[in-house]
Amino acid sequence: MNEAIGPSMAVVMKDLRLAWRDRAGWASAGAFATIAVLVYSFAFDLATGDIRPLLPGVLWTTFLFAGIFAGGQSFARESEEGTFDALLLSPVSPTMVYLGKAAANIIAMLVIEFLQLGLATILFDTNLVSLELLVIVFLGTVGSVSLTTLLSTMSASMRGRAMLLPVMALPLLVPLLIGAVRATGASLNLEVGAAPWTLLLAVAALWSAALSVLLFPIAVER
Amino acid sequence: MTTARIEAPILQTLALTKRYGGLDVVRQVAIALPAGSRTALVGANGAGKTTLLAMLSTLVTPSEGDATIVGHSLKARPAALRRAIGVLAHAPMLYEEMTPLENLGFFARLYGVAQPEPRIEELLRAVGVWNRRHEATSVLSRGYHQRLALARALLHRPAILLADEPETGLDPEGVEMLDELALRAPGLTVLAATHRVDRVEAWATGVVRLEHGRVVEDTASIAVARQGAPA
């Protein structure tokens, strides 16, 4: 078991170490998310209206673009430095490499998102730090980052990858986003219908993660 | 150079072909290298040397044919095959923001190297990077990158070293070190693409020459490859 997980953990630790050393990618994503939440807070009139119906959209738009922005860089750098080939040359299966890279991206993204939830709680004067919402954010992040990690592999060596990644990712993420936004609304006691949105989100996240795990070895084949 | 060999091949290719858009970049390559041999892969630019090495290292999937390295098939057991090879490619394939120590430590974990610390120290001392082991790899020169890349390629004690222009960026001292650790290391089988024809005599026991993806000269293989028999 350790032999199987060990290489993935090595990739996770390596990616988190690199993310910390060269903070440009993830710091930019964090800065983008912070600015987006700040701008939204100025745009809405907190004194006169109930802004809770807007919050799910605010949060997931911010999380989605921050994730695409940062996630795209994780493979781009590996591709530029040729280190991705070194990963593929090792006896570790491509699937384990993928799991390691996706896990590192998910961890980094969750840090940004949880910080934004805290900031949004203050700025929107609404409690966004609840166990239910944290679970929803976790599920949505696993689903979206799994897919963007896969797609960033495919676009890493292409020209115009910064534009290509969102163009490929956004249509595929629509079902997951609908589930995430609705489930977030339900956690804020908004009227979102009777559908089990958190369950649907979990299914979409699982589908996205499983599909990415299966497709990754094919995506890296030359 | 020697041509008479009686050993079984440690590396054998069977009609290995790579086709891109109808163009055969590597065509029906059949070679069989004995254990401990040191083979120079020569040919003009575009002859297919790098593609052949990329196929043997499992980075590129063959369009036709197969290869076995230490008995492991390229198609059937790629992970076992990768454990048996060390690859010194054109790019050093190192993480610039990590130190030499961290780079080798990471790859040691990927390869499951037992007791990695003494092995890493041994290699870093051998390639002359030990005194700079705590510096970011990005501040090291091209030559040091290549030395470190050699250490990475040899870290897990591979049976075969596949190298693409291994002398790139190395000063005379570095080339000497490359010869000692890899190209003329006892027991290590080497297949190295090179344009340094002047140096081939110094280290190679045989030559495979490619032209337009085909083998046109082979003084390295044992007879089994020419007969096209499986290993």
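Here is the naming used below: chain letters follow the sequence lines, and residue numbers restart at 1 for every chain.
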Q: For A:V220, is it the side chain, the backbone, both or neither that has a heavy atom under 4.5 Å from a heavy atom of chain B?
A: neither
Q: Where on B:V60 is there a heavy atom nearer than 4.5 Å to chain A: the side chain, the backbone, both, or neither?
A: both
Q: Please walk me through it: do A:V97 and B:L110 pass side-chain contact (heavy atoms from CB on, under 4.5 Å)?
A: CA-CA 10 Å; A:V97 170; B:L110 283 193; 5.9 Å; no
Q: Indicate the atoms forming the closest heavy-atom contact of B:M93 with A:T83, along with that distance.
A: C-CG2, 3.7 Å
Q: Report the C-alpha distance between B:F106 and A:L87 in whole Å, list the side-chain angles of each, state the deciding distance to 0.1 Å, and finish with yes or no for side-chain contact (heavy atoms from CB on, under 4.5 Å).
A: CA-CA 10 Å; B:F106 169 64; A:L87 294 179; 3.6 Å; yes
Q: Which bit of A:L18 comes within less than 4.5 Å of chain B, counting heavy atoms only: side chain, backbone, both or neither?
A: side chain
Q: Is the CD atom of B:E180 crowded by more than 12 outside heavy atoms at less than 6.0 Å?
A: no
Q: With a 4.5 angstrom heavy-atom cut-off, which part of B:L59 approaches chain A: side chain, backbone, both or neither?
A: both
Q: Between the main-chain N or O of A:L88 and the side-chain N or O of B:R82, is there a donor-acceptor pair closer than 3.5 Å?
A: yes
Q: How about A:F32: does its CZ atom have over 12 heavy atoms from other parts shown lying under 6.0 Å from it?
A: yes
Q: More than 12 foreign heavy atoms under 6.0 Å from NE2 of B:H212: is that the case here?
A: no
Q: So with a 6.0 Å cut-off around CH2 of B:W130, is the heavy-atom count from everything else above 12?
A: yes
Q: Between B:M98 and A:K14, does a side-chain contact (heavy atoms from CB on, under 4.5 Å) hold up when you go through it step by step?
A: CA-CA 9 Å; B:M98 283 163 50; A:K14 182 268 297 174; 3.7 Å; yes
Q: Whether B:E96 and A:R21 form a salt bridge (side-chain N of Lys/Arg under 4.0 Å from carboxylate O of Asp/Glu) is what I want to check.
A: no
Q: Do the non-hydrogen side-chain atoms of B:Y111 and A:S90 ever get within less than 4.5 Å of each other?
A: yes
